Amino acid sequence: MAAPVSAFKFWKPGAEGPGVHLSEERELPGETGGPPVIFNPNAALSIEKQRQKLPVFQHRNHILYMLEIYQTVVIVGETGCGKSTQIPQYLLEAGWAAEGKVVGITQPRRVAAISVAGRVAEERGAMLGHEVGYTIRFDDCSDPQTTRIKFLTDGMLVREMMSDPLLKKYSVLMLDEAHERTLYTDISIGLLKKIQKKRGDLRLIVASATLDAEKFKEFYNQNESGDPSKDTCGILTVEGRTHPVDIFYSMSPFPDYVKASVDTVMKIHESDERGDILVFLTGQEEVEGVATMLREQARALSRTGMKTHLRVLPMYAGLPYSEQMKVFERVPPTVRKVIVATNIAETSITVNGIVFVVDCGFVKLRAYNPKTAIESLVVVPISQASANQRAGRAGRNRSGKCFRLYTEESFEKLPLSTVPEMQRANLAPVILQLKALGIDNVLRFSFLSPPPAQSMVQALELLYALGGLDEQGQLTEPLGFRMAEFPLSPMFAKMLLESGNFGCSEEMLSIAAMMQIQNILLIPPNQKKAAAIEHRKFSVKEGDHLTMLNIYEAFIKNNKSSQWCKERFLNYKGLQRAVTVREQLQRMLAKFKVPKTSSEGDPDVILRCIVSGFFANAARLHYTGTYRTLRDDHELHIHPTSVLYVERPPKWVVFNEIIQTSQYFMRDVTVVESSWLVELAPHYYQEGTHLSFANKKAKVT
DNA sequence: TATATATGT
């Protein structure tokens, strides 16, 4: 293997030599500009040739053969070996989409569904939305008559099961990127096992990384005889086209990975090796901090005569779209890009030209405490799978190097893969969906990785308190069924469905839509004060919900102007999205005959309506100056981003969610009156004394 | 008083 260059003296090469070989994604004709290939017969020929060059092509007949003899086929293949674009086409060519049947492919992310569909349509010389289409929320680019290959998000597949429980239109379903184990992938995995028992003709392809292949096979194999010839599930491995990535570990642990990442980037920059750098850190603050330090050091370096300029680009989800796009811009040869990113760059965003990866070894993940029903964000060590995925980002165009800011010994102690989301999520929305899909006994549902029983109990209790489930745990009619149909968390769904009764459905629609969008308020690191001044103009003493309503209404009043947003440090794209979300929610309220009503400026009805959905998230001001949950006296604080943070602390509040970082913070907080809690949730709260509601009824005084 | 990772319906 390549010896480390002198600049990296303190690095130890991985014992296995080039540690990671990940596949290269194909450069597509047309991606680099130029005329659309479909109009050029020679180009069409070259598309065919390119298809045949992909590693997966060697396995074409074998894949089709396996699908004849097995009901489920697990395909192990790294991203880019061509499986996502090619296998659907093989299936189509082999007749799996005959007689009006559809080949469906799920993706965990919306952008992936759109872009892969686009590529396949292009390869087939077809207009997207006809033979090849996609379906994601708010964007159905498929035709029920003509679409034969359909890409969809896995969340969308779960939605489709609500109207078509046996997924009758599909002959084959391919769950792509199944190893990512997102919440909806896992729901789909379990539900498809159930569907397969009723539909022997439904074929399933699970596309996953090596690690999970056996687990998937075990899960889907219906052969209990012990005779392998009777297996109903088989595994097939597709190698990728690879560029080697050399792994270097630190000789000893770093006390501060933030500083270490800066030092490492500068060492790379000072070396003779060319190529862009990608740094993995855990959050926005770290990213901005490192970006600032790198800019300073690079400036100092250029004063000493360094010719290559360092362009430092932060990358995280909360960054405005236009800023995010900068990481894709091409730079002249005298400029080296360094992208300082959160986990977003691990799977969601792919930047070409990365030769060096610097991996801090940590990630910020959502965690759920089933005892307290509190969600938190915690920084935890990454898994080995994650570390390898990060390293692979260095080898997409040519061989690369990955510097791990931890020792080889610590790498070996890392968990093999990340805990599936199902085991670290609030399950109320999941349980509601499963109930709506006719899964009566959710505790016995076949989960690939069963969640903690306590999480399920918490979810069932909440759904009962909201009136979505009855004493027997059955979905209530109509409330429970309607809640399940909403693409919102159960509390939001309840709040909206009640809004007609409170006489404020117009306002609640705006509030609910706004609350679905993150980062409506933009706070550029160098203009914090100016942003705060602009934002404060919208805030009201009632709290964050009415503040968001103010912003939404002002946005509409100002003709949805992007300039208006810019001047007020508001997220224009986010507000546009809020408009779309609101329209969808409005259609649903109309469908359920919830009357269109407005509070005409009276805030109390709105606040009471919020309480009808969020009564379980109530807190009171403790004499110590902090807040306590009504349910179990847990200490809470108002989040610094809340408009109530600067107000005189109100006595009673409800909130959308708790986020634990340094402390437990309530986010999206609104002032309420204690009497409303008792009045609107009498089954949940009791005035004066404790009474029994599963021995848990909280006291409101 | 002291601050968010990433997805999805």
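Residue numbering restarts at 1 for every chain, and letters A, B, ... go by the order of the sequence lines. Nothing here was measured: the structure is a model prediction, and the numbers come from that model.
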Indicate, with a heavy-atom threshold strictly under 4.0 Å, whether [X] touches base, sugar-phosphate, or nothing.
X: A:Ile638; result: nothing
X: A:Thr282; result: sugar-phosphate
X: A:Arg110; result: sugar-phosphate
X: A:Thr182; result: nothing
X: A:Tyr316; result: sugar-phosphate
X: A:Ile344; result: sugar-phosphate
X: A:Gln518; result: base
X: A:Arg159; result: base

### Query
Does A:Lys193 reach the side chain of A:Leu204, with side-chain heavy atoms less than 4.5 Å apart?
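They are not in side-chain contact.
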
### Query
Can you name the closest pair of heavy atoms from A:Pro450 and A:Gln423 and give their distance?
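Smallest heavy-atom distance, with atoms named: O-NE2, 2.9 Å.
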
### Query
Are the charged groups of A:Lys364 and A:Glu285 less than 4.0 angstrom apart, N to O?
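Salt bridge flag = no for A:Glu285 with A:Lys364.
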
### Task
May I ask you to say whether A:Glu485 pairs ionically with A:Lys591, meaning some side-chain N is under 4.0 Å from a carboxylate O?
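Yes, A:Glu485 and A:Lys591 are salt-bridged.
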
#### Entry: For B:dA6, glycosidic torsion class - syn if within 90° of 0, otherwise anti
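Judged by the O4'-C1' to base torsion, B:dA6 sits in anti, the angle falling more than 90° away from 0.
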
### Task
Provide the start and end nucleotides, 5' to 3', of the part of DNA chain B that has atoms under 4.0 Å from heavy atoms of chain A.
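With heavy atoms of chain A under 4.0 Å away, the range is B:dT1 to B:dT9.
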
### Query
Closest nucleotide of DNA chain B for A:Phe486 versus for A:Arg366: which of these residues is on the 5' side?
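By nearest-heavy-atom nucleotide position, the 5'-most residue is A:Arg366.
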
### Message
Would A:Ser449 and A:Arg181 count as a side-chain hydrogen bond (donor to acceptor under 3.5 Å, both in side chains) here? Give the steps.
### Response
CA-CA 10 Å; A:Ser449 304; A:Arg181 304 293 305 276; 2.8 Å; yes

### Message
Side chains of A:Ser642 and A:Asp544 only: does a donor on one sit below 3.5 Å from an acceptor on the other?
### Response
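A pair is found: one side chain offers a donor N or O, the other an acceptor, under 3.5 Å apart.
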
